[in-house]
Amino acid sequence: MSAARPSAAAETEAVRELPPVPSTSRTSSAELSVRQRMREKLKAARTKAEITLSQEDPSSQPRGLKGTRERKPGVGLDKRSGNDKSREMPEGDSRLPSKVKFRDSVKKLKQKSTLQNDFPSEEEAYNFFTFNFDAAAEKLKTGAMKKNGLSEEEEVEEECDETHEDEQEEDEMDEDVCLVKDDLFIGQTDEDLVVVKPVDCESYTEQLKREKEFLFIPSMLAVPASEKMPRNMQPRYLEDEGLYTGERPFVTQSNQNILENRILRQDQGKEWFGDDGKILALPNPIKQSCTRPPIFSLEEGLAPELETVYRKAIKMTSTNQYLVGPGDFQGMFQLDIDISGLIFTHHPCFSREHVLAAKLAQLYDQYLARKQKNLTKLLTDKLHALRSAVQYSMEGAGGDGVPVAQQSIPEYKMEIRQTRRLRDAEQEKDRTLLKTIIKVWKQIKSLRDFQKFTNTPMKLYLRKEEVDQKSDEKAYEAEIQAEIKELLEECMEEYEKKMEEYKTELRDWKSWKKTQKSKKKKKKDTLVDEESEDHDFGEERIKPIPPKVANSLEIEQQVREKAEKCRRKPGEPILVPELTLSGSITPTEQCPRAEVLRREDVKKRSAFIKVLFNSKEVSRTVTRPISSDFRVHFGQIFNLQIINWPESLKLQIYETTGISSTTLLAEVFLPVPETAVLTGSAPLEEIEFSSDQRVVLDHEGVGSGVSFSFEADGSNKMTFMTSGKVSSSVSWAVGEKGIPLIPPVSQQNTGIPSALKNIDAIASIGTSGLTDMKKLAKWAAEAKLDPNDPNNAALMQLIMITTSGEAHVPDFFRLEQLQQEFNFVSDEEFNRSKRFRLLQLRNEEVAEFRNYKQVPLHEREISEKIFQDYEKRVQERDVIDSKNYLDAHRAVVANYLQKVRESVIKRFLIAKHHFILSDLVNEEEIPGLGILGLGLFKLAEPKRPLRPRRKERKKVTAQNLSDGDIKLLVNIIRAYDIPVRKPVMSKLQQPSKSSRSFNEMFAASPSAQSPPNSPDWAFNQVLVRPFVEVSFQRTVCRTTTAEGPSPCWNEELELPFRAPNGDYSTHSLQSVKDEVFINVFDEVLHDAVEDDHERGSGIHTRIERHWLGCVKIPFTTIYFQARIDGTFKVNIPPVLLGYSKEKSVGMERGFDSVRNLSEGSYITLFITIEPQLIPGESVREKMNEMLKKFDTQEDEKLLQAAEKYEAECTSKFPSRQCLTTVIDLDGKTVFITRYIKPLNPPQELLDAVPNRSQTAAELVARYVALIPFLPDSVSFAGICDLWSTSDQFLYLLAGDEEEHAVLLCNYFLGMGKKAWLIIGNAIPEIWFNMQEYDSPGRIYFDISKPKLWKPFFSRSLPFPGLRSVQPEELTYEHSDKAAALELQSRIEKILKDKIMEWRPTRPTRWNRYCTSTLRNFLPLLEQNQGKDVEDDHQAELQKQLGDYRVSGFPIHMPYSEVRPLIEAVHSTRVHTIDVSNVEFALAVYIHAYPQNVLSIWIYVASLVRNR
Amino acid sequence: MAAPSVFLLAVSGEIESGEFPGFDDLYCKFSFVYGQDWVPTAGLEEGISQITSKSSVSPTTLVWNFPIDITFKSTNPFGWPQIVLSVYGPDFFGHDVVRGYGAVHVPFVPGRHKRTIAMFVPESTSRLQQLTSWFTGRRPEFTDPKVVAQGEGREVTRVRSQGFVTVSFNVITKDLHKLGYDVGQ
């Protein structure tokens, strides 16, 4: 179907270009199904019929038809012949309702019937005959086109057959109808509805051409100035003319050109250009400096002006006001607000009369107020009093005893003058007020007459008070006279003063005149030019005018005039106005319409008042209508229960008009009452308000904010705003017991900007407000305030209150004001509860509770014991426990160390909670080029399946582990140079059978009974049967027994590992303090058979083990290094009784002596942890990072340089350690070279060997070595290296290798030797080893070769001369021999007790004789530093003890505390001998070196008596 | 009967399904993270599910229906258990890479609850890292999946959200109310 119905457009094209295809393409038609073709034909036939119809119709009717029927628009349609239509018809048909189709077909039928169409249409005929059937064109078409062509062909064919079809038209018509339906259901597929069309493509150039027609692209070229300017104008540059033009905003020249070109195209485009030929522009709006504070990062160097400045925090006062004060809650306080009513002094609904009445009322109020004050009277009285006082003092001046008064006369006079002036002013005011009242009243009256109705009940009566004419006149006259007199006096004074001035001036003038004259004369003589003369004359002074003498008459006239103006005439009756509301108001019905409207409007209006406390509405009055006299009566009292001193009290006056609209008229602030104002005594106060709303009304009401006039001509306009008065009172309520419910005054003091300031008397005066009462009182005293002056009453009262009542100010403040409210239990309860305490301690990660699981729910389930350890520790922190240390100094030190440790741990805990990305996210590092290259290389490597490779074990992060998961694998491979037994050289040289060791007997020559001193004895004897015992965390494992001095075990021992508290986290593992002890023993078998008779029946042997030496490896070392693989020197005591180093034997036997150059025994070990744990290195580094960041006193530059140096070095040799900065005991970062400084070694040591520097050096080295080791990684939980200075080190008497090395280095420097500290760097300057190898033996120690040693300080960063942290000189305490002796005996006793304790089942006998012998050996050992003495011992012991088999050894240790000594003795297992007749000997020797460095020798021996 | 000294929390339910657009063949690990005062008394704390593929029935969801069943006892509601899920699946090269981490608290209220957990994965720190991790198949992962159950230290990470997992819980508590804890029911 799809092939049969291609798009119309495509088809037309095809038809146009391609003639009907010849039969060659017919073959393809076979591909079409028969059915399809059938349908095709039918359709074609049907449509053909129509086409012929339409074509035959000469009119354009079918075209119109087509327009309605066919939805297809197309250019081709117009051009094309009916072929198109044949395609489109069904399409159109299918869309139209069948009814329409029916009609159409009927129409067609009609047309058909009318026309004879036996012949093809003209066009068809033409087509038929003229088409060029061009086969060549067909070739161009592809298969798809062929299909098109096919259908065309068919159509053409149909056309040919037209005549036949026409004959069957009747049938076809039926068919047509039928087909339409058919089409609807069968033929209608998607393809029928979709028209496929090739994309219209326009060539680019064409597009451009067309675009050019309607697009304008402004040129980027500059516009010539002439075009921009009006004709014949030269550009004018304002800036050159000196006018300010401002900087234009920056626009790129090209953009500007474009803009100009564009503008010029517009109409009146030239208007956009200024005189200078540039586009008009405002000055650049961008500010030169930014107003927003710049954002800067802290890392970069800050400009000094950007540094932050500390400003003290401003305390928020307002928030404080709402909070309950620091004290306890004092209950509710109460404020009573009485709102009695509201009076409008102006209202939009006022009539003119109302306006006047209000004015009158206001004036009357003023009058009453003045009358009440009666200032005139007051001042007059004062004046009289003053006058009489002056009079009196004048008279009294003649007499004696009142010289004081004399002095005050001028003062009085001054006062009289002032008072008189005041009185006159007051009098004048009184009089004008009265006059105005009368005037307004007259206005009202005239208005009432004019409008013929009365609106207000106001009536003014003027009451006349008759006065006695004569007395009045007399008083008046007297007053005038007095005044005249005073004025005269005044004038006289003035005159005199002026006269005085005049005289002096005159004198001056005269003298000046004289000189002038003389000058003139001279000038005349010399005939100087005129100009100068003129000049002189111009400067001539005016002659002073003598002052006028005051004329009494003039003064009198003045006085009288004034009196007339401001005073009542004598004899005139006193007018007393009285305002009454007794007048009658004209009833509404008699009023004109405008007035009626006004009155109705007033009735609609009502008002209410809201009460706002601290700007929050607390209550409101009822809505009351405004009465006709514009008064609203509320009469309501509101009781406000408050907690704090109020900040503000406010009334809001609302007016409602009609039902709905409510407007806020005004807000009135009420003063917060004084503390003395209590309910009952508070007077009603009237507070004025006004509103600036503009109201225009259409009736008699005058409105608000609208100007109006009383005059007929509209002049003298007046404008009033709505205003009024609220009468209310605010007072403090009185409680039940008569106590006023007032919040404490103190609160009010906290807030300076309180509302009180707005209204209180003091603030208005200008003093600092209520805050400083003392200041106020002082001010009051200074200002001589009249306490009786009613104006000052409020002030005086305030002062009284505040000075009597103590103002209580809290002397603390609360940081978290609401904390108490948030606490769910009280602090007391919290502290008492064991559970809370436990939870708290656990949260703080206190060591004892860090991993405490399942804190019990109930208090009772927690036993007190839990805290015991912790409490003990906390208590003991400060108590120095001397029991464990036997030495006060060391106890102190231990305590100090403990504290340091704690502080470090605290820091560490903080650091632990500081995460970096690598802690949380595992991310592959980007492989470097080297690694990539290596990987490639590996790929190319030949495979060698037979060569075993070490596989990397999978690392386990220590978190999902539990007890028993981790094992310690110790592989003991072999040992070298184990000491060998010496033949027992009994004194008697006659070994008894039973005393001979089983071994000897067994392994000896076949002739067991042969004497052991035969020459081959030494060769045949089994020298030693060593085995290794490994103990770790109280688990002990041992190997099998091997033989000979160089045994090979090759055994793997597995020891379980248990982390403390079951916490397998990294940091916990780092703090494991356990050590792996690897002890080498000799297994000695003794024949236990007592009786020779039993020998035949059985073998009874006793195994003895003799300690030979040990190796200690801390767990942390294994943990950090993951595996330990190497040969270690076995710590063998200098003397092993009964044993000798193989050396001697070896020599005898001609062994290879090279190996023997290295003294001592060695053991090869391989230790690792299974599974492999990832050491938490990051924590350590992080800690260091943190410490570096926060605490340092070093120069920033230096640190940066150091960091750079370190980075450079590590990038070159990642495996090597490079240290430039270390952390001192205070946790501060210190540059490493500061530790190096020549220091004096103890003098004693130098004195001991005066000349031989080599020995001295050895001695010093030994001294340093005697200071106990205390590795940081153990003591400080593997967190960081702490370096102590040498003096600290000596004081602490403990430290790790760094301290030892530093001290030794310093000593050597002090002794004038060249010394460096080598930790992969050398000091005093830091050098980094740039050589290929890093084992010490292979390093060239020549720092002058820059190739090999990279210096830290170079020319670019010269050595800044860092001050050393070391002290200038070390002072040494002299050794305390007595204390050492005491310690010696105490330790001996403790050790003896311990040995007895370890042998609970057997008696422990002490051989005193042996002990004393041993004791004698020890000092010798110390002297010789444990070298080459053993033979002597053996011999001597044998000599002294006789028939004993002795095995024993001295242990040498630096002394730190007792515990390690006990451990050491215990680990030798001397006590385990269970021969019944064993005896022990133990001796201790302590050698004291300066600064309390103690060297301890313990000699332990077991003796078995030979039978 | 004496007052109880612990309360019990029994959780059963299942990890029902996940929605990870663009990923297929995923499996899921779960583990419970709980405070120090909590002890699991029965059931599995950790588990790993089968690998599931998308179906044509619901082409967006990956159904695991992996049961969880665990009982805790505790003395303190602090540290209430959370279930931590991590979803893994093969990437373009067939490496097993993480497709999402997520955690949610076990509901307090007894009854049946359904939770949809939004899952996320840590982002590479740089574009280059992203590229190399894509090649090597070693995407950034949390050192410990339990990191997502803690708030500490998360500020240093950047994550991208990546799908959802639906978990249903059936919660039973015992003695919680008796001990004075009100869970609002």
Side-chain angles (χ1 to χ4, degrees), chain A residues 824-825 833-836 838-843 845 849-862 909-929 931-932 935 955-962 1061-1066 1174 1176 1178-1179 1182, chain B residues 2-7 31 33-39 45-46 72-79 98 101 121-148 150-159 175-176 178-181:
Chain A
F824 63 100
V825 288
S833 163
K834 279 181 278 181
R835 181 162 188 265
F836 288 144
L838 198 58
L839 288 170
Q840 210 173 6
L841 287 170
R842 186 177 69 180
N843 190 42
E845 301 194 35
F849 308 101
R850 193 178 300 148
N851 279 302
Y852 194 85
K853 295 252 163 76
Q854 289 248 306
V855 172
L857 189 60
H858 297 292
E859 195 92 330
R860 56 185 144 80
E861 289 165 20
I862 302 169
L909 284 179
I910 293 166
K912 212 186 82 187
H913 288 276
H914 175 88
F915 287 87
I916 57 172
L917 184 68
S918 63
D919 293 343
L920 288 176
V921 179
N922 272 342
E923 196 173 17
E924 281 285 293
E925 296 242 335
I926 301 172
L929 263 182
I931 297 166
L932 275 177
K955 286 188 178 180
V956 175
T957 42
Q959 51 211 354
N960 315 322
L961 301 166
S962 58
N1061 298 326
D1063 178 10
Y1064 285 86
S1065 66
T1066 330
I1174 294 172
S1178 65
V1179 177
K1182 210 165 60 185
Chain B
S5 62
V6 290
F7 61 86
S31 61
V33 176
Y34 43 85
Q36 287 177 324
D37 297 327
W38 290 74
V39 175
E45 292 181 56
E46 287 181 325
F72 292 99
K73 81 173 178 193
S74 171
T75 58
N76 192 353
F78 179 76
V98 69
Y101 293 102
V121 286
E123 278 273 79
S124 293
T125 41
S126 67
R127 277 287 157 91
L128 187 59
Q129 289 270 37
Q130 206 169 352
L131 187 76
T132 49
S133 68
W134 185 78
F135 271 123
T136 57
R138 297 195 185 168
R139 311 281 171 93
E141 291 180 19
F142 283 123
T143 49
D144 182 1
K146 290 173 182 175
V147 161
V148 298
Q150 77 183 41
E152 207 175 36
R154 291 270 281 277
E155 71 276 8
V156 298
T157 61
R158 285 185 305 162
V159 297
D175 293 339
L176 199 55
K178 256 185 222 167
L179 292 170
Y181 296 114

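Below, read A as the first sequence line, B as the second, and so on, with proteins coming before strands; counting in each chain starts at 1.
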Which portion of B:Gln150 sits near chain A, non-hydrogen atoms under 4.5 angstrom: side chain
Largest heavy-atom contact set with chain A, pairs under 4.5 Å, which of B:Thr75, B:Val39, B:Thr157, B:Val6: B:Thr75
Heavy atoms, side chains only, cut-off 4.5 Å: are A:Arg835 and B:Asn76 in contact? yes
Tell me, side chain or backbone of B:Ser133 under 4.5 Å from chain A's heavy atoms, or both, or neither? neither
Would you mind reporting whether A:Leu839 and B:Asp37 have side-chain heavy atoms less than 4.5 Å apart? yes
Report, as yes or no, whether the 6.0 Å neighbourhood of atom CZ on B:Arg138 holds more than 12 heavy atoms from other residues, nucleotides or ligands. no
At a heavy-atom separation under 4.5 Å, does B:Arg139 approach chain A through its side chain, its backbone, both, or neither? backbone
Can you tell me if B:Tyr181 has over 12 outside heavy atoms packed within less than 6.0 Å of its OH? yes
Under 4.5 Å heavy-atom distance to chain A, tell me which part of B:Leu179 shows up: side chain, backbone, both or neither. side chain
